[in-house]
Structures are given as structure tokens and as C-alpha cells.
Amino acid sequence: MASSSSNLISLKTSDGTVFKVERALAKTMKTVQAIIEEADANIYMIPIHNVFSHHMDMIIDYYKLSVAGKSKEFSVEKLDNDELKDFLLAVHYLNMEDLFEVLTQAVADRLEKKSVGYVRKYFGIENDFTPEEYAAIRKKNDWAFKGDDIEPEEDEEKQEE
Amino acid sequence: MKKMVETHSHSTTLSWEILILIAHYLDPKTLAIASCVSKSWLHSMSSDLLWKPILTTHFPSLSTLPSNVSYCRLFALGHGAAKRRRQSPSKPTLSLGDLIFAVSITSNRDSRTIGEFSWPVDALQEDPPGVFRFCIGFDCGGGVAVRNEGLEEVVKVTWNVVVKGWRGVFTLMDYVGKMGFVGGGEEWFSQELPAPGCCSKVVASSVVADMRVGMCGCGESDDGGGKVRVGKISVGILNVDDWRYVGIEDGLRYLQHFLLT
């Protein structure tokens with residue numbers, strides 16, 4: 001079983017940057033933890049694919065805040081939608097439970113009360129309903145579209161309220 | 001913080017697994033909107049697995065209903081029902097300015113007019129304010145003077161409400177009763193009002209047309225007896241369940257049933 005004598009684990013991101021992180025932080029990354037445990041000898045450097053250095057920066061920020069009991073102060077507001085999705089994917093790859101929950105909630109918050117068109121665009125989904133099918137679905141879920149806080153549908157979809 | 005290199009010009013695609021995990025964090029409205037995105041989303045975003053906790057949180061009493069209906073559908077039903085429960089009555093389309101009250105008091109014996117009045121309702125005084133009760137006082141009395149006889153006489157009292165322009169008429173009171181002609185006395189007339197057609201009497205509360213007529217003395221008649229006239233009139237719609245006059249809006253809404261087609 002591998003056991004590093006030092007308390008720091010080296011992680012190398014996709015863009016080639018090496019981060020020396022505390023063992024405790026590496027432990028929150030179940031993927032990394034599995035690699036460490038499976039290795040026969042000491043591991044000096046663990047490559048983490050799909051994770052970029054700016055992701056690691058945020059991960060370390062989150063870790064520091066949560067250790068200080070201030071995990072609620074962690075915010076991803078400054079990330080745009082795509083950046084948030086990428087970050088979510090990175091954290092998902094690393095299998096970090098707490099941070100993944102935080103990010104999933106963040107994505108959900110961004111989708112809150114948005115229009116169907118917005119959600120489609122956000123996830124890159126194509127509308128495969130016929131206009132009649134869509135109208136029927138819309139009618140069934142009409143209650144969800146009522147309220148001042150709901151974003152109005154875009155006209156380009158050519159779907160009537 | 002270093003911004004990501006703009007290598008991706010397209011939207012990042014999230015795996016299905018992640019999408020479902022995100023779905024667990026969505027509020028009911030957003031989840032329903034998400035189910036309109038595409039066919040596969042319709043299937044996943046309506047799943048009982050996602051909706052059961054939502055239903056149990058928002059409408060716990062519905063989650064025990066035995067049904068083969070999806071939790072998603074039950075939620076939609078519960079949401080609609082809750083909304084209807086909360087609904088307050090809509091504002092009346094009639095306003096006081098649209099109405100005219102016409103009151104007449106005639107002797108039942110010889111049809112002699114004791115008093116005949118009509119007023120635009122918005123010129124009347126609400127008494128108390130905010131309540132569907134209006135008072136009119138007459139200086140030196142109004143209507144025809146009658147002999148102060150001290151006896152009671154049977155009179156016919158009518159109270160009609162007319163929509164300006166004669167667009168509608170409703171008789172609130174058409175009553176035969178006794179009236180004493182004593183200066184300073186007050187007569188009180190009350191007549192049951194019909195329940196609006198949409199609800200039977202059992203469901204709608206009971207209201208009556210309420211009128212008080214006050215007489216006042218006004219000098220002497222030729223033969224030495226005193227004369228009295230109508231000194232003041234008040235009309236209103238009274239709820240007999242709690243003995244309060246209904247509010248202005250309630251009164252208007254009530255009359256709307258009968259005045260507007």
C-alpha cells in the first residue's frame with residue numbers, strides 16, 4: 001500500500017500545472033484517493049484529467065473555507081453558465097461529494113424560473129416535439145408558467161402560451 | 001483567477017447522470033418547465049422518483065391518496081386547488097357612482113305618497129364609512145307632510161336600486177308594514193334578500209335589506225295637531241349571521257348579480 005511520507009500530494013492538472021495539496025484535501029477527492037490506495041509504490045504525481053488549474057484554485061478556495069467553517073461563503077457567482085458547467089464536470093470527475101452538491105444547487109438556482117428556451121440552450125438540447133405535442137405539454141404544465149417571476153417564452157420558438 | 005482558454009465555442013454537454021442529479025435540486029415550477037424541453041426530458045423530469053419528495057413536502061395530504069396518477073400530476077392538481085382556495089373575490093365592476101337609490105313610502109290605505117326620493121348613491125353618506133349603509137338627512141324634513149296622528153298606519157315601502165342609464169333595476173325592498181307618525185320616532189323595516197343564483201341559500205350567507213325612517217315634527221297643522229315629516233332615512237344591506245352591514249365591495253358584488261346581465 002502506498003503511503004507518502006510527506007503530507008502533501010502532488011496533483012497535475014490538464015494544463016500542466018502542479019498543485020501540492022494537503023493529504024486531507026486529496027482525501028475529499030474520492031477519485032484521487034482511489035488512485036493513491038491502489039498504487040503499489042509511492043506516488044509522486046497524480047494526473048487529474050478534465051481538471052484545469054483554475055478549477056483547482058476554486059477547489060482549494062472551497063477547501064480552505066470549509067475547514068474554517070465558512071463553506072457558506074463560497075460563491076460561484078462570478079462564473080458564467082459554461083464555466084460553471086465545466087467546473088461541475090471537473091468536480092464530478094474528482095468525485096467530491098460536498099462541493100458537487102454545492103455546484104449542483106448552484107446550477108439549479110440558475111435555472112430557477114427560467115423559460116423552456118433558456119433551459120434548452122443551457123443544456124444544448126434540441127426540441128423534438130411537434131408544435132401540437134409541445135402545445136399539449138405546455139397546457140398540462142400550464143400552472144408552472146403562471147406567475148410574475150417566470151421568464152416569458154421567446155418568440156423564436158413559435159410556441160404560444 | 002485565470003479565465004479558461006476559449007477553446008469551447010459550443011455549450012458544454014453534461015452527462016445524463018449529472019442532469020438527473022441537478023433535477024433533484026430543482027423547485028417544482030422549474031422542474032415542470034424542464035419537462036417541456038424535449039421528449040426524453042419529459043420522461044425523466046416527470047418521474048415519480050423526483051416528484052414524490054416534492055409532493056410530500058408541499059401537499060402531504062395528497063401523497064396518501066390512493067391513485068395510479070403520477071406524483072407529478074398530483075402536484076399540479078394540488079397546486080391548482082391551493083390557488084383556488086386562496087383566491088379572493090374579484091373587484092366589483094359596478095361602483096357606487098353607477099347607482100341610484102329610489103325609495104318610496106306610500107299609505108297602503110289610499111296610496112297617498114308619504115315620501116318619494118331618489119339619490120345618486122355616491123352623493124350619499126356612508127354610515128359608518130366603508131360599509132354598505134347610507135344615511136340621508138333632510139332639513140325641515142322631506143317628503144309630504146302628514147298629520148301627526150299618533151296612530152300607526154299601514155304603509156308600503158319600496159327601495160329600488162337603478163343602474164344609471166337604466167341599464168338595470170333591482171328591488172331591494174317591497175314591504176308592507178306599520179309606521180307610526182310621531183315626531184322623533186324611528187321606524188325600522190327589514191326584508192330578506194334573495195341569494196345570488198350561483199349559490200344556494202345554504203352556502204351563501206343571509207342578507208336583508210334594512211331601512212330606517214326617522215320622523216321629525218315640523219310645525220302645527222291647521223286643526224291644531226302637530227305635523228311630521230320624514231326627517232331621515234337610512235338604507236343598507238345587513239348580514240343577519242353576524243348583524244353587521246356588509247362592506248361596500250361586498251354590497252356591490254351582491255347587487256352585481258342582479259343588476260348586470
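A, B, ... follow the sequence lines: proteins, then strands. Residue 1 opens every chain.
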Asks: More than 12 heavy atoms of other residues, nucleotides or ligands under 6.0 Å from NZ of B:K39: is that the case?
Replies: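 Atom NZ in B:K39 is packed in, count exceeds 12.
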Asks: Which of the residues A:V119, A:I125, A:L111 is involved in the greatest number of heavy-atom pairs with chain B at under 4.5 angstrom?
Replies: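 When all of A:V119, A:I125, A:L111 are compared, A:I125 has the most.
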Asks: Which heavy atom in A:S115 sits nearest to a heavy atom in B:I33, and how many Å separate them?
Replies: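 It is C-CG2, 4.0 Å.
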Asks: Would you please test A:E112 and B:K29 for salt bridge (Lys or Arg N to Asp or Glu O under 4.0 Å) and show each step?
Replies: CA-CA 8 Å; A:E112 202 176 299; B:K29 273 190 178 173; over 6 Å; no
Asks: Roughly how far apart are A:L89 CG and B:L14 CG, rounded to 0.5 Å?
Replies: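 Answer for the CG-CG pair, A:L89 versus B:L14, is 5.0 Å.
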Asks: When heavy-atom pairs shorter than 4.5 Å are enumerated against chain B, which of A:E126, A:E133, A:K140 gives the highest number?
Replies: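 Looking at each of A:E126, A:E133, A:K140 in turn, A:E133 comes out on top.
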Asks: Given side chains that start at C-beta, do those of B:P28 and A:W143 come closer than 4.5 Å, heavy atoms only?
Replies: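 A side-chain contact exists here, since the closest heavy-atom pair is under 4.5 Å.
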Asks: Sort by residue number and list every residue of residues 95-103 of chain A having at least one heavy atom under 4.5 Å from chain B.
Replies: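 The residues closer than 4.5 Å to chain B, in numerical order, are A:F100, A:E101.
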Asks: Taking the side chain as every heavy atom from C-beta outward, state whether B:I22 and A:F123 have any atom pair closer than 4.5 Å.
Replies: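 Touching, per the 4.5 Å side-chain cut-off.
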Asks: Considering all heavy atoms of both residues, which atom of B:D27 and which atom of A:K113 are nearest to each other, and what is their separation?
Replies: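 It is OD2-CE, 3.7 Å.
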Asks: Taking atom CH2 as the centre, does B:W166 end up with more than 12 heavy-atom neighbours from other residues, nucleotides or ligands that are less than 6.0 angstrom away?
Replies: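 12 or below, so no.
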Asks: Within a 6.0 Å radius of atom NZ on B:K164, are there more than 12 heavy atoms belonging to other residues, nucleotides or ligands?
Replies: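 For B:K164, atom NZ is crowded (more than 12 foreign heavy atoms under 6.0 Å).
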Asks: Give the minimum heavy-atom separation between A:Y134 and B:C36, together with the two atoms involved.
Replies: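 The pair with the smallest heavy-atom distance is CE1-O, 3.5 Å.
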Asks: Inspect the surroundings of CG in B:L49 and state if more than 12 heavy atoms from other residues, nucleotides or ligands are less than 6.0 Å away.
Replies: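 No, CG of B:L49 has 12 or fewer neighbouring heavy atoms, counting only those of other groups under 6.0 Å.
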Asks: Heavy-atom distance under 4.5 Å to chain B: side chain of A:D128, backbone, both or neither?
Replies: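 Both backbone and side chain.
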Asks: Please give me the minimum heavy-atom distance between B:A32 and A:N141, naming the atom from each residue.
Replies: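 It is CB-OD1, 3.8 Å.
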Asks: Within residues 120-128 of chain B, which positions have a heavy-atom distance to chain A below 4.5 Å?
Replies: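 Contacts with chain A: none.
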Asks: With a 4.5 angstrom heavy-atom cut-off, could you sort out which part of B:L31 is near chain A: side chain, backbone, both or neither?
Replies: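 Contact with chain A involves no heavy atom of B:L31 at all.
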Asks: Measure the CG-CD distance between B:L21 and A:Q105 for me, rounded to the nearest 0.5 Å.
Replies: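 Spacing of CG (B:L21) from CD (A:Q105) equals 12.5 Å.
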Asks: At their closest point, which heavy atom of A:F129 faces which heavy atom of B:V37, and how far apart are they?
Replies: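 For A:F129 versus B:V37, the nearest heavy atoms are CE1-C, 4.1 Å.
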Asks: Calculate, to the nearest 0.5 Å, the distance between atoms CD and NE2 belonging to B:E17 and A:H92 respectively.
Replies: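 B:E17 atom CD to A:H92 atom NE2 measures 3.5 Å (nearest 0.5 Å).
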Asks: More than 12 heavy atoms of other residues, nucleotides or ligands under 6.0 Å from CZ of B:F189: is that the case?
Replies: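 Result for CZ/B:F189: enclosed.
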